[in-house]
Amino acid sequence: MAYKVMIVDDAAMMRLYISSFLNSLDDFKVAAQAANGREALDKLAEIPDLDLILLDIEMPVMDGLEFLRHAKLKTRAKICMLSSVTVQGSPHAAKARELGADGVVAKPSGTVSHDLEEKTGDELRDTMRRLVAA
C-alpha cells in the first residue's frame, strides 16, 4: 500500500521535482498537488484518506503557516514543512511546529531546489516514513 501525499508549493518546477522524488519511492504516491494553501484546503475534502502533506511556507493567496492554522481542523494527515525558510532552529520552523507541523525539512538550494533528491532526499524520505508510521 502506498501512502497518499499532497504537494503544496507555488513553484510548478518544485512540485515536479517533489513528484519525481516521490515516484522513485514504492511506499508513497502523489494524490494531489496545490499551488497555495487555499487551493490545498479546497482539495482536502476530495481526499479524505490523505496520509501526508508536504507544505511550502512562502506562497501567494494563502501561505503555509496560514494553511496550518486551518488544516489541523480538516485533516488527520501528517504535515511536513518543506521550505527554504524552515532550516532547523529558524523562527519559521519554530512557528510551523507551534501551529502543528509534524515535521520540518529544509529545501537545500532555495525556493526551487533542483537538487532536492541529491542533497535532502534521504532526510525527506526518512522524515516522511517516520511521520506516517507514527
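Along the sequence shown, the residues carry numbers beginning at 1. Keep in mind it's a predicted model, so treat the numbers as computed, not measured.
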Ion pair present between Asp42 and Lys74, side-chain N to carboxylate O less than 4.0 angstrom? no
Side chain proximity check, [X] to [Y], heavy atoms < 4.5 angstrom:
X     : Y     : answer
Lys72 : Ile79 : yes
Leu68 : Lys95 : no
Lys29 : Lys4  : yes
His70 : Leu44 : no

Show the nearest heavy-atom pair for residues [X] and [Y], with the distance to one decimal.
X      : Y      : value
Met59  : Gly64  : CE-N, 3.6 Å
Arg97  : Asp102 : NH1-O, 3.0 Å
Thr127 : Gly103 : CG2-CA, 4.5 Å
Glu117 : Ser24  : OE2-OG, 3.8 Å
Leu50  : Ala77  : O-CB, 3.5 Å

Assess the residue pair His92 and Ser83 against the criterion (side-chain contact (heavy atoms from CB on, under 4.5 Å)); give the C-alpha distance rounded to whole Å, side-chain angles, the decisive distance to 0.1 Å, and a yes or no. CA-CA 9 Å; His92 286 97; Ser83 174; over 6 Å; no
Starting at [atom1] of [X], measure out to [atom2] of [Y] and round the result to the nearest 0.5 Å.
X     : Y     : atom1 : atom2 : answer
Asp56 : Ser84 : CG    : OG    : 6.5 Å
Ile57 : Glu66 : CD1   : CD    : 12.5 Å
Arg38 : Asp63 : CZ    : CG    : 12.0 Å

Paired with Gln33, the side-chain contact (heavy atoms from CB on, under 4.5 Å) test is passed by just one of Met6, Glu39, Arg15, namely Arg15
Besides Phe28, the hydrophobic cluster formed by Ile, Leu, Val, Met, Phe, Trp and Tyr side chains linked at under 4.5 Å, directly or via other members, contains Met1, Tyr3, Val5, Ile7, Met13, Met14, Leu16, Tyr17, Ile18, Phe21, Leu22, Leu25, Val30, Leu52, Leu54, Leu82, Val105, Val112, Leu116, Leu124, Met128, Leu131, Val132
With a 3.5 Å distance limit and no angle check, can you tell me whether Thr75 reaches the backbone of Ala71 through a side-chain donor-acceptor pair? no
Between Thr120 and Glu123, is there a donor-acceptor pair closer than 3.5 Å when you use the side chain of the first and the backbone of the second? no
Within a 6.0 Å radius of atom CG on Asp49, are there more than 12 heavy atoms belonging to other residues, nucleotides or ligands? yes
